[in-house]
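Below, chain A is the first sequence line, B the second, and so on; all start at residue 1.
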Amino acid sequence: MQTFHSIGTTTDWVVMVVYFIAIMLFGSYFSRYTKNTSDFFFGGRRFSWWLITMSIVATGVGSHSFVKYSAKGFEHGISSTMTYLNDWFFIAFFMFGWLPIIVYSKIRSIPEYFEKRFSPSSRFLATILLLLYMIGYIGIGFLTLGKAVIPMLPSAFMLLGMTIPVTLMGAIIVIAIITGIYITYGGQTAVIFTDLLQGFILLFAGLLLFFFGITYLGGFDIFWDLLPTEWKLPMADFNQPSSFNFVGIFWQDAIAGSIGFLFMNQGLIMRFMACKNVNEGRKAAAINILFVLPISAIVVGNAGWIGKAISITSPDIISPAVSPDQIFVVVANIIASPGMFGFIMAALTAALMSTVDTLINATAAIYINDVHRPIRRFLQKSFSSVAETERKELLAARYASIVVTILGVLAVLAFKNFPTVYEAHGFFHSTLTPPLVVGIFLGVFWKRFTASAVITTFVGGVALMILGARFPGILIAPFDHGIEMNAVHPYSYIRALYNTLVCSGVAVGATLTTRWQISLISRIRAKANAKTIMNIMVGVAILLFTTVMFGVFGMSTQVIAALGVIVLLPLTVTYFVHYDEEANTLGLTASSITIARKQFKGSEPNDAESKTVLVHWKLTESDESFMRFSKREMSEMKAHPGDLVYISDKRAWLGGLKSAHSVYGEPHAEDGIVYLTPDLVEAGLLVKGRELRAEKEM
Amino acid sequence: MDLFSHSWLPFIYLYGLGGILFVAGILITLKAGSFDLRRSSHKKWMWILLFGFVWYLTMHALMTWAALGTISPYTVLYTLLIMVVIFVIVTLRFKKIVGAG
């Protein structure tokens with residue numbers, strides 16, 4: 001396979017450095033809006049849909065990067081767009097299930113949902129799985145970044161008379177240091193605004209590259225006619241080759257990946273939580289999936305298609321043997337002029353950094369919410385004031401960002417031996433998402449799904465997944481749809497089907513047998529030595545799981561051990577964990593969103609259709625943070641004292657940066673004026689003399 | 001060359017199985033009450049959801065026909081642009097959504 005080094009000119013490097021400095025200054029400007037952990041992680045729940053949509057572009061495009069889709073575009077053609085065009089199927093579940101629940105239940109992280117919906121022990125397991133997922137995702141991001149910059153670097157450089165070779169891991173470590181510095185001093189508002197800018201730049205750079213490529217080839221018709229029919233088809237062959245086939249990628253991406261991305265990607269969820277309300281989150285999701293993703297599919301894959309066309313007409317310029325992961329850089333260098341190539345590369349690497357930034361920020365949020373605070377509560381440690389707590393937590397969040405960055409670099413080692421980033425990412429998604437995806441999905445949409453069932457899904461499902469990974473030819477093969485098994489990387493994609501099925505099977509089985517579990521445990525409780533019996537049961541379950549984990553004995557024994565775990569675990573959880581179906585599902589399932597809204601507001605929601613009004617603000621000294629409007633404006637907004645209200649600077653292009661949420665107070669008689677307390681003015685970053693737009697939230 | 005396994009078979013699988021999941025999503029959220037068509041803002045969402053499904057189905061079908069040489073790639077572009085215009089017009093005819101929804 002042909003690989004490249006030292007691509008690009010000095011001009012390109014100058015452009016890249018200038019771009020990075022500009023982006024970091026831009027981010028630093030918005031980091032001043034980070035006042036507490038809520039701002040650091042969630043941006044203060046204030047932004048408009050369009051701002052979030054564009055900031056998601058940089059995160060989404062960065063993670064589903066130029067590198068990996070150009071590689072598949074070069075190898076297989078327009079079917080590289082497949083994974084960008086299959087995210088609509090779960091959108092109703094997301095918009096009317098998960099999104100309102102995460103907003104209205106005021107959870108700060110996915111594991112917190114597991115504690116509220118199930119039990120603290122479920123939260124503990126979900127935290128472990130989610131941290132593994134997030135750190136793995138960061139690892140994939142770093143790997144992609146490394147592969148993107150390596151072709152631009154020399155194969156070695158001299159320092160103090162020594163020749164130092166440029167390696168993939170070396171490049172990744174340097175990138176990680178730069179990324180870590182930025183995120184540590186930025187925060188979510190800085191990330192959102194940086195991503196907004198980069199979202200536009202990325203789409204522009206990618207479409208510009210496509211335009212240059214088409215011009216280079218002599219026009220669209222020539223480009224189209226050059227591609228073989230198989231390269232023009234929008235989907236891959238049903239079940240071959242093993243490295244890129246439709247059915248495997250359907251289960252890995254359209255099912256596990258889509259649910260994983262929408263339901264358990266903490267970085268993405270934090271973006272939706274930064275929206276001013278649920279409806280704005282829905283709009284952001286809809287516009288992003290409907291219109292931005294198809295454009296992004298062209299943006300990230302076209303270098304591969306252009307590369308393929310050039311390799312047909314001029315194999316001396318681009319050899320068909322070029323390393324697929326380097327094709328983006330090679331094509332960009334050929335068709336873009338010096339300086340422009342630097343700009344495209346800067347946009348690419350900056351976008352990848354955005355993805356990694358978002359993930360690091362999100363993982364730090366999980367650490368603070370699901371590790372730091374519970375430990376502090378456990379140790380019964382409290383600080384002297386809220387301000388002191390905030391300061392300590394912000395510091396801890398910044399340290400956590402550094403540690404997560406280091407772990408992300410180490411995670412690269414697990415993926416760097418895959419032939420392409422695409423396959424590494426596919427394997428990663430297929431392996432790590434199913435248990436959590438099943439846990440969240442059934443938790444939200446199935447009231448009967450219990451704490452014992454979710455814990456059994458996490459542990460028993462993982463046990464069966466380990467067996468699938470160890471014996472793919474026997475356990476995954478029945479689901480392979482005719483895909484040939486690659487001996488080195490068996491069933492990178494279709495394993496998602498097996499993993500999802502076994503996790504779902506365990507979940508459903510454990511839920512449907514709840515009554516038997518309770519009955520059996522009641523009988524055990526009646527015995528004098530109940531606790532001893534249950535402790536023995538826990539010990540046996542641990543022993544059986546260890547048997548599976550370390551592959552002791554043959555396959556049959558391991559399968560029996562896994563089944564033993566699945567039978568014993570729900571019983572032990574039923575005995576040791578308190579779970580009340582009514583209390584634990586209230587406001588936390590799709591069927592109780594009305595209650596969730598009521599809990600969120602603190603009283604019955606007011607859904608009367610209303611208008612927005614424009615007002616000027618005046619300060620009022622009051623102990624309570626109400627917003628007081630005139631009677632006329634309250635009437636136009638169909639609002640009553642106690643309803644929730646949102647005000648924002650009238651300038652829509654600010655996207656809600658200067659805005660605040662509060663509660664309507666008693667009305668006054670001064671039309672066109674809203675009275676605000678100083679803390680609301682400070683929280684909303686409101687500017688004196690600027691007109692405000694007000695709307696009733698509920 | 002038989003391209004069925006590379007063209008229409010994936011299409012049928014994607015929109016057959018994907019369609020079942022999509023419809024299930026709508027039905028489950030309707031049954032749960034979180035998606036409530038008595039609210040005008042949710043009627044608008046129903047239109048957007050259905051449009052989205054048809055949008056992607058049409059996009060993939062047209063791209064497949066274009067690849068097989070049945071239609072020109074420009075027809076794909078023009079048809080999708082017309083669909084965007086229809087989407088914008090119909091969506092704007094619904095009342096503007098104010099509030100949390």
OG of B/Ser72 to CH2 of A/Trp224, rounded to nearest 0.5 Å, is 9.0 Å
Okay, A/Ala286 and chain B: the region with an atom under 4.5 Å from a heavy atom over there is side chain
A/Leu290 and B/Phe51: CA distance, side-chain angles, deciding distance, side chain to side chain contact (heavy atoms under 4.5 Å, CB included) verdict = CA-CA 9 Å; A/Leu290 279 182; B/Phe51 171 84; 4.3 Å; yes
Who wins among B/Ile28, B/Val84, B/Ile26 for the most heavy-atom pairs under 4.5 Å with chain A?
-> B/Ile28
With a 4.5 angstrom heavy-atom cut-off, which part of A/Trp251 approaches chain B: side chain, backbone, both or neither?
-> side chain
About how many Å separate CG of B/Leu9 and CG of A/Asn239, when rounded to the nearest 0.5 Å?
-> 8.0 Å
State, to 0.1 Å, how close A/Ala590 and B/Ser34 come at their nearest heavy-atom pair, and which atoms those are.
-> O-CB, 3.5 Å
Which bit of A/Thr589 comes within less than 4.5 Å of chain B, counting heavy atoms only: side chain, backbone, both or neither?
-> neither
Measure distances from A/Leu293 to the heavy atoms of chain B and classify the residue's part below 4.5 Å as side chain, backbone, both or neither.
-> side chain
Most chain B-contacting option - heavy-atom pairs closer than 4.5 Å, from A/Leu644, A/Asp221, A/Thr594, A/Thr81 = A/Asp221
Can you say whether A/Val103 sits under 4.5 Å from chain B via the side chain, the backbone, both, or neither, judging by heavy atoms?
-> neither
Carefully, step by step, assess A/Met95 and B/Phe35 under the rule side chain to side chain contact (heavy atoms under 4.5 Å, CB included).
-> CA-CA 9 Å; A/Met95 283 181 177; B/Phe35 189 19; over 6 Å; no
Structural part of A/His481 lying under 4.5 Å from a heavy atom of chain B | side chain
Given the options A/Ser79, A/Pro294, A/Gly97, which has more heavy-atom pairs under 4.5 Å with chain B than any of the others?
-> A/Pro294
Starting from the C-alpha separation in whole Å, work towards a yes-or-no answer on side chain to side chain contact (heavy atoms under 4.5 Å, CB included) for A/Phe89 and B/Ile20.
-> CA-CA 9 Å; A/Phe89 304 125; B/Ile20 291 169; over 6 Å; no
Just by distance, do the side chain of A/Trp88 and the backbone of B/Leu49 share a donor-acceptor pair under 3.5 Å?
-> yes
Residue selection (most heavy-atom pairs with chain B, distance under 4.5 Å) from A/Phe94, A/Tyr646, A/Phe250 = A/Phe250
What distance separates A/Leu85 CG from B/His60 NE2, expressed to the nearest 0.5 Å?
-> 4.5 Å
Relative to chain A, which segment of B/Met46 carries a heavy atom at a distance below 4.5 Å: side chain, backbone, both, or neither?
-> neither
Going through the distances and angles, do A/Ile255 and B/Leu21 end up as a side chain to side chain contact (heavy atoms under 4.5 Å, CB included)?
-> CA-CA 10 Å; A/Ile255 304 296; B/Leu21 292 167; 3.4 Å; yes
Pair B/Tyr15-A/Asn86, side-chain donor/acceptor within less than 3.5 Å | no
Please report the shortest heavy-atom distance between B/Pro10 and A/Ala236, naming the atom on each side.
-> CG-O, 3.5 Å
Rounded to the nearest 0.5 angstrom, the CE-CE distance for A/Met235 and B/Met63 is 8.5 Å
With a 4.5 Å cut-off on heavy-atom pairs, point out which of B/Pro73, B/Gly33, B/Ala66 contacts chain A the most.
-> B/Pro73
Under the ring-ring contact (aromatic ring centres under 6.0 Å, His included) rule, what do B/His6 and A/Phe246 come out as? Steps first, then yes or no, please.
-> CA-CA 8 Å; B/His6 202 144; A/Phe246 166 80; over 10 Å; no
Contact origin within A/Asn245 toward chain B - heavy atom pairs under 4.5 Å | neither
Region of A/Met637 that comes under 4.5 Å of a non-hydrogen atom in chain B = neither
Under a 4.5 Å heavy-atom cut-off, does chain A meet the side chain of B/Phe53, its backbone, both or neither?
-> both
Compute the centroid of each ring, for B/Phe22 and then for A/Phe90, and state whether the two points are separated by less than 6.0 Å.
-> no
Taken to the nearest 0.5 Å, the spacing of A/Glu609 CD from B/Arg39 CZ works out to 9.5 Å
Under a 4.5 Å heavy-atom cut-off, does chain B meet the side chain of A/Ile78, its backbone, both or neither?
-> side chain
Using the side chain to side chain contact (heavy atoms under 4.5 Å, CB included) rule, pick out the option among A/Thr229, A/Leu233, A/Asp237 that qualifies with B/Ser7.
-> A/Leu233
Report, as yes or no, whether the 6.0 Å neighbourhood of atom NZ on A/Lys598 holds more than 12 heavy atoms from other residues, nucleotides or ligands.
-> no
Given that the side chain runs from C-beta out, which part of B/Tyr74 has a heavy atom under 4.5 Å from chain A: side chain, backbone, both or neither?
-> side chain
Interatomic distance, A/Ile91 atom CD1 to B/Thr29 atom OG1 [nearest 0.5 angstrom] | 11.5 Å
How about B/Phe87 and A/Phe291: are their ring centres within less than 6.0 Å of each other?
-> yes
